[in-house]
*Asks:* 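Sharing a structure, written as structure tokens. Questions coming.
Note that ligands are numbered from 1 as they come in the structure, with each ligand's atoms numbered from 1 the same way.
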Amino acid sequence: MSAPLRLGIAGLGTVGIGVVKIVQQHAALLEARCGRAIEISAICARDRSKNRSADISIYDWEDDPVALARRGDVDVLVELMGGPDGPAKAATEAALEAGKDVVTANKAMLAEHGQELAEAAEAGGRVLRFEAAVAGGIPVVKTLTEGLAGNALTRVMGVMNGTCNYILTRMESAGLPYETVFEEADQLGFLEADPQLDVGGIDAAHKLALLASIAFGTRVDFAAVELEGIDRISIDDIRHAADMGYRIKLLGVAQMTPHGLEQRMTPCLVPATSPLGQLEGATNMAVLEGDSVGRIVLRGAGAGEGPTASAVMADVIDIARGLRLPTFGQPAALLADTRAARANSPTPWYLRMTLHDEPGALAKVATALGESEVSINRMRQYGHDDTFAPVLIVTHKTTRSAIDRAITALGHTGVVAGPPVALAIEPV
Ligand code: NAP
Ligand code: HSE
């Protein structure tokens with residue numbers, strides 16, 4: 001039997017304690033599966049006196065995560081503190097410099113610094129792994145890096161922020177406005193300390209940027225992700241979309257086009273009957289499309305103690321077994337510096353606008369759309385008062401550029417009150 005693999009765990013919050021519990025509860029199973037024991041040498045958090053839901057008294061304590069990373073009895077730093085910079089990055093760099101492998105769940109750090117950290121790891125012959133950073137318990141990184149490694153990936157999609165999916169599905173099922181459900185999510189402890197990371201789409205965009213790098217062999221380019229949150233989605237849009245057979249999701253889509261890599265994390269309509277349309281509550285889904293395999297759909301818990309710790313352990317187990325894969329599926333130095341393209345692939349669009357209820361108003365809308373080369377597929381006018389008439393339009397496939405032209409033209413008609421709501425209908 002080989003020597004035990006010795007972990008240093010930095011961060012004993014939701015995920016860190018989950019990892020401690022798995023190491024403690026599944027010691028025999030892990031040893032059998034890895035051919036060696038997995039042990040914890042030392043741990044680190046901010047507050048040593050805090051009550052934790054596992055017995056951590058048996059482990060050495062370090063106040064400083066960098067000191068933990070450099071300990072001679074640590075083979076793998078398990079970084080579970082979070083944050084793009086600060087102690088997480090300092091400890092990761094220290095571990096790599098000291099010749100340790102690193103496992104992290106930190107999507108923010110990897111989305112911002114993934115390229116340099118992966119290069120540092122690979123230059124020193126170390127591995128840096130991050131299964132838990134994307135879609136929690138769903139093994140999507142492993143699926144892309146290993147299971148689909150024989151495919152050219154054509155498109156990667158996902159609902160990868162459970163909080164947003166909870167808010168959107170709860171708004172529909174309870175008929176409640178965004179603000180009320182946001183408060184509920186806060187009470188349930190779903191929201192990040194900075195809620196904008198969730199509802200602004202930033203957390204999900206971090207995850208998409210990481211998947212896009214693996215799928216398309218490109219350097220992580222988080223800054224290029226087109227980003228729009230869910231905070232302007234109204235209960236009216238959710239109801240109207242449902243009436244027409246759609247659901248609204250905060251959907252990430254990455255695809256390589258002749259113009260470059262498109263990455264967007266935006267609210268979209270998807271068919272209510274599709275797997276993405278049927279995704280309820282805080283669950284995540286990743287949809288991966290490869291040239292040989294076709295479409296793979298992975299669904300499961302995207303957050304929480306058990307699911308996220310399960311993903312952390314998958315990386316730890318790989319290291320224990322001697323499986324040493326590059327961070328993004330191919331050597332980091334060889335990842336392409338691909339041009340980012342504005343998302344402009346043609347899709348149908350949902351447009352909702354409020355018209356002044358006067359003769360000829362609809363004709364002016366149709367003309368503005370026609371002159372912008374946007375063709376109407378379906379149109380509905382909903383119950384209205386004496387002054388205003390809400391109108392919904394589903395277009396034939398058209399580009400984002402044409403929709404932008406149409407929105408400008410609609411503003412000049414003099415019959416549309418306020419800017420229209422425009423959401424792409426993603427073919428899924
Ligand atoms: P958390 O519950 O807030 O725990 C963070 C831990 O880090 C705490 O134990 C904290 O110590 C410790 N910590 C913070 N700053 C520190 C410092 N300067 N020195 C030492 N320790 C420090 O966070 P979490 O939810 O477990 O998330 C951890 C990581 O996993 C993050 O990168 C997060 O994005 C990622 N992640 C989380 C989930 C999830 O479901 N929670 C899912 C996927 C990915 P104290 O306990 O003493 O305050
Ligand atoms: N805030 C994230 C979510 C946690 O809601 O999915 C998991 O990354």
*Asks:* Between the side chains of Lys107 and Asp203, is the shortest nitrogen-to-carboxylate-oxygen separation below 4.0 Å, so that they form an ion pair?
*Replies:*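 Yes, charged N to carboxylate O under 4.0 Å.
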
*Asks:* Less than 4.0 angstrom from a charged side-chain N to a carboxylate O is my criterion; do Glu119 and Arg219 meet it?
*Replies:* yes

*Asks:* Could you tell me the residue and atom name of the protein heavy atom closest to atom 2 (O) of ligand 1, and the distance to it rounded to 0.1 Å?
*Replies:*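 Sorting protein heavy atoms by distance from atom 2 (O) of ligand 1 puts Thr14 N, 3.0 Å first.
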
*Asks:* How does Val15 reach ligand 1, by side chain, by backbone, by both or by neither, if only non-hydrogen atoms under 4.0 Å count?
*Replies:* both

*Asks:* Closer than 4.0 angstrom, basic N to acidic O: yes or no for Arg239 and Asp243?
*Replies:*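 Asp243 and Arg239: not salt-bridged.
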
*Asks:* Looking at Glu426 and Arg155, does any basic side-chain N land under 4.0 Å from a carboxylate oxygen?
*Replies:* yes

*Asks:* Other residues, nucleotides and ligands only: do more than 12 of their heavy atoms fall within 6.0 Å of CZ on Arg339?
*Replies:*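 Count not over threshold, so no.
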
*Asks:* For a 4.5 angstrom cut-off between non-hydrogen side-chain atoms, does Asp318 reach Glu131?
*Replies:* no

*Asks:* Run through Thr92, Leu80, Leu128 and flag the one making a side-chain contact (heavy atoms from CB on, under 4.5 Å) with Thr104.
*Replies:* Leu128

*Asks:* Counting non-hydrogen protein atoms only, what is the nearest one to atom 5 (O) of ligand 2? Give residue, atom name and distance.
*Replies:* Thr163 OG1, 2.6 Å

*Asks:* If the threshold is 4.0 Å, N to carboxylate O, is there a salt bridge linking Arg129 and Asp101?
*Replies:* no

*Asks:* State whether the shortest distance between N or O atoms of Leu12 and N or O atoms of ligand 1 falls below 3.5 angstrom.
*Replies:* yes

*Asks:* Side chain or backbone of Pro65 under 4.0 Å from ligand 1, or both, or neither, by non-hydrogen atoms?
*Replies:* side chain

*Asks:* Below 3.5 angstrom, do we get any N/O pair linking Ala132 and ligand 1?
*Replies:*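 No; the residue has no nitrogen or oxygen that sits under 3.5 Å from a nitrogen or oxygen of the ligand.
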
*Asks:* Side chain, backbone, both or neither: which part of Lys50 comes within less than 4.0 Å of ligand 1 when only heavy atoms are counted?
*Replies:*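 Only the side chain of Lys50 comes within reach of ligand 1.
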
*Asks:* Compute the ring centroids of Phe190 and Tyr166, then answer whether they are less than 6.0 Å apart.
*Replies:* yes

*Asks:* Could you say whether the N/O atoms of Asp63 and ligand 1 ever approach to under 3.5 Å?
*Replies:* no

*Asks:* Among Glu131, Met81, His206, which one puts a heavy atom closest to atom 7 (O) of ligand 1?
*Replies:* Met81

*Asks:* Is the shortest N/O to N/O distance between Gly162 and ligand 2 below 3.5 Å?
*Replies:*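 So ligand 2 has an N or O lying under 3.5 Å from an N or O of Gly162.
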
*Asks:* Using a strict cut-off of less than 4.0 Å between a Lys/Arg side-chain nitrogen and an Asp/Glu carboxylate oxygen, indicate whether Arg295 and Glu289 qualify as a salt bridge.
*Replies:*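 Answer for the salt bridge query: yes.
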
*Asks:* Can you sort out which atoms of ligand 1 are near Cys44, meaning under 4.0 Å from one of its heavy atoms?
*Replies:* 20 (C)

*Asks:* Applying a heavy-atom cut-off of 4.0 Å, say which part of Ala133 lies close to ligand 1: side chain, backbone, both or neither.
*Replies:*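 Within the 4.0 Å criterion, Ala133 makes no contact with ligand 1.
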
*Asks:* Under 4.0 Å and counting heavy atoms only, is there anything from the protein next to atom 45 (P) of ligand 1?
*Replies:*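 Flag for atom 45 (P) of ligand 1 set to true, protein heavy atom closer than 4.0 Å.
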
*Asks:* Quick one: which of Ala45, Pro84, Gly11 has a heavy atom closest to atom 21 (N) of ligand 1?
*Replies:*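 It is Ala45 whose heavy atom sits nearest to atom 21 (N) of ligand 1.
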
*Asks:* Taking atom 30 (O) of ligand 1 as the reference point, report whether a protein heavy atom occurs under 4.0 Å from it.
*Replies:*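 Under the 4.0 Å cut-off, atom 30 (O) of ligand 1 does have protein heavy-atom neighbours.
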
*Asks:* Could you see which bit of Arg48 sits under 4.0 Å from ligand 1, with heavy atoms only: side chain, backbone, both or neither?
*Replies:*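 Neither; nothing of Arg48 gets under 4.0 Å from ligand 1.
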
*Asks:* Taking the non-hydrogen atoms of Gly302, is any one of them nearer than 4.0 angstrom to ligand 2?
*Replies:* yes

*Asks:* At less than 4.0 angstrom from any non-hydrogen atom of Arg52, what atoms of ligand 1 do you find?
*Replies:* 9 (O), 45 (P), 46 (O), 47 (O)

*Asks:* For Arg33, is the CZ atom crowded, meaning more than 12 foreign heavy atoms sit under 6.0 Å from it?
*Replies:* no

*Asks:* Kindly give the heavy-atom pair with the smallest separation between Val74 and Gly8, and that separation in Å.
*Replies:* CG1-N, 3.7 Å

*Asks:* Test your reading of the structure: does Gly16 have an N or O sitting under 3.5 Å from an N or O of ligand 1?
*Replies:*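 For ligand 1, there is no N or O atom that lies under 3.5 Å from one belonging to Gly16.
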
*Asks:* Heavy-atom contacts under 4.0 Å between Ala303 and ligand 1: side chain, backbone, both, or neither?
*Replies:* both

*Asks:* Suppose we measure from atom 8 (O) of ligand 2 to each protein heavy atom; which comes out shortest, and what is that distance?
*Replies:* Lys107 NZ, 2.6 Å

*Asks:* Can you check whether Leu279's main-chain N or O pairs, donor with acceptor, with Lys249's side chain at less than 3.5 Å?
*Replies:* yes

*Asks:* Ser234 and Asp237: side-chain donor and acceptor closer than 3.5 Å?
*Replies:*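 Yes, because at least one side-chain N or O of Ser234 sits under 3.5 Å from a partner of the opposite role on Asp237.
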
*Asks:* Looking at Arg126 and Gly99, would you say the former's side chain and the latter's main chain have a donor-acceptor pair under 3.5 Å?
*Replies:*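 Indeed, once roles are kept as given, a pair shorter than 3.5 Å links the two residues.
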
*Asks:* Tell me the protein heavy atom at minimum distance from atom 4 (C) of ligand 2, and give that distance in Å.
*Replies:* Glu192 OE2, 3.7 Å

*Asks:* Within the structure, does Asn284 bring an N/O atom to less than 3.5 angstrom of an N/O atom in ligand 2?
*Replies:*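 Between Asn284 and ligand 2, no N or O pair is found under 3.5 Å apart.
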
*Asks:* Is Lys107 touching ligand 1 with its side chain, its backbone, both, or neither, if touching means heavy atoms under 4.0 Å apart?
*Replies:* side chain

*Asks:* Which atoms from ligand 1 have a heavy atom of Leu80 less than 4.0 Å away?
*Replies:* 5 (C), 6 (C), 7 (O), 28 (C)

